[in-house]
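Encoded as structure tokens, the structure appears first; notes follow it.
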Amino acid sequence: MKQQETIAVIGGEGQRAAIVVRELIKSPYRILLLDEVPEKRYSATSTPTDLSQKLERIGCCREASWEADIILLSDEITNLNEILEKMIEVASNKIVILISVEGSPAFRALQSSLPFSKLVDVQVKNGRDDSETPVYLIEGEDAAANNFVSSLLKSIGLKTFESPDHL
Amino acid sequence: MFEILLQNIREKIELRPEEEILLKSYFTPKKLRKKQYLLQEGNVCKFLAFTEKGLLRLYNVDDKGMEHMLQFAWDGWWIVDIYSFLTGELSAYNIDAIEDSELLMISLDRFNEMMVSLPKMERYFRLLFQNNIIAKERRLISSISHNAEEKYTRLQHSHPEIIQRLPLNLIASYLGITPETLSRIRKQLAQKK
């Protein structure tokens with residue numbers, strides 16, 4: 001049996017992250033959720049009971065990041081620097097995925113705050129609203145982490161491509 | 001977060017403050033809840049794990065579904081399926097948390113990088129592995145030559161803290177005896193006192 005890994009989702013209330021989380025729920029990953037959004041936002045079809053078995057709420061971003069094997073952040077978090085400060089100690093050597101848009105300064109903040117994490121910037125192209133299918137550009141300095149994230153997103157049915165600089 | 005690990009390392013080698021800072025960068029902090037797996041049979045053991053806090057067990061499950069305890073790790077102990085970790089082969093073992101635990105894990109790549117940038121750690125791990133080999137040899141001899149009561153009293157003498165923390169069925173499994181035999185031994189020993 002493939003071992004279950006845990007993904008902490010921080011800033012899932014943002015629309016960009018919610019699209020990804022909606023698909024992640026269907027995956028074998030255990031999802032730790034840190035936000036106040038009602039569970040229904042993540043699925044139009046699942047009942048709250050179904051979702052609560054896949055999603056687990058946790059009250060602290062540090063604890064969520066500590067338990068997680070992979071951390072997923074959205075650049076839509078308003079208090080990003082505060083969250084990064086809490087995560088520093090417990091995010092070392094973990095894959096940290098940032099769901100962002102082109103030109104977002106958030107990835108630079110991650111690079112500055114989390115020097116020992118494997119950072120992957122996942123930029124949403126097109127489809128900022130639910131009517132279009134978004135495509136995700138994968139960028140980061142760790143090729144293995146980029147490949148992992150690309151595979152992860154593809155496995156949950158999302159379209160990805162890697163930055164030409166890293167081909 | 002690194003207090004117990006650094007204390008453990010300082011017992012064997014001396015690291016300068018800047019080396020201790022560098023050391024921390026190689027480890028992945030991980031919290032496990034009770035009954036959560038660190039390693040499941042059939043997967044590769046990707047990490048060598050140090051227990052800052054908590055209690056874990058390494059065991060396998062036979063064809064009849066019986067669990068056989070090979071090792072426990074509590075505060076200040078390392079735990080790993082060393083063969084799977086070093087070779088990348090699938091593990092025949094499981095590692096899970098008996099108590100909520102806080103671990104510091106290191107992957108093989110980071111372990112090898114650490115050996116290059118902190119050569120003193122080679123001495124630390126050599127001493128660790130030496131002690132581990134000696135302990136395994138002693139356990140093997142004990143399993144062959146000691147009776148159930150002797151095995152229990154030796155464990156009680158060498159690791160009294162584990163007798164307090166572990167459920168009796170896990171102690172029995174570790175000693176290779178039935179829980180009923182263990183209960184009988186404990187009762188007899190209590191009556192002797």
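Numbered from 1 within each chain, the chains take letters A, B, ... in sequence-line order. In what follows, every heavy atom counts, from backbone to side chain, and hydrogens, waters and symmetry copies are set aside.
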If you apply the rule ring-ring contact (aromatic ring centres under 6.0 Å, His included), what do you find for B:F50 with B:F27, and how did you get there? CA-CA 10 Å; B:F50 182 83; B:F27 286 86; 8.0 Å; no

Side chain, backbone, both or neither: which part of [X] has a non-hydrogen atom closer than 4.5 Å to chain A?
X     : result
B:L39 : both
B:L38 : backbone
B:Q36 : side chain

Could you report the tightest heavy-atom contact between B:I98 and B:P167, atom names first, then the distance? CG2-CD, 4.4 Å

Distance-minimising heavy-atom pair for B:D75 and B:I4: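 So the two residues come closest at C-CG2, 4.4 Å.
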
Spell out, as yes or no, whether a donor-acceptor pair under 3.5 Å connects the side chain of B:S173 to the backbone of B:E67.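 Checking the backbone N and O of B:E67 against the side chain of B:S173, a donor-acceptor pair under 3.5 Å is found.
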
Here's one to test your reading of the geometry: is the NZ or CZ of B:R139 within 45 degrees of the ring axis of B:Y174 and under 6.0 Å from its centre? yes

With a 4.5 angstrom heavy-atom cut-off, could you sort out which part of A:Q4 is near chain B: side chain, backbone, both or neither? backbone

Highest number of heavy-atom pairs under 4.5 Å with chain A: which of B:E41, B:M1, B:K31?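 The candidate making the most pairs under 4.5 Å is B:K31.
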
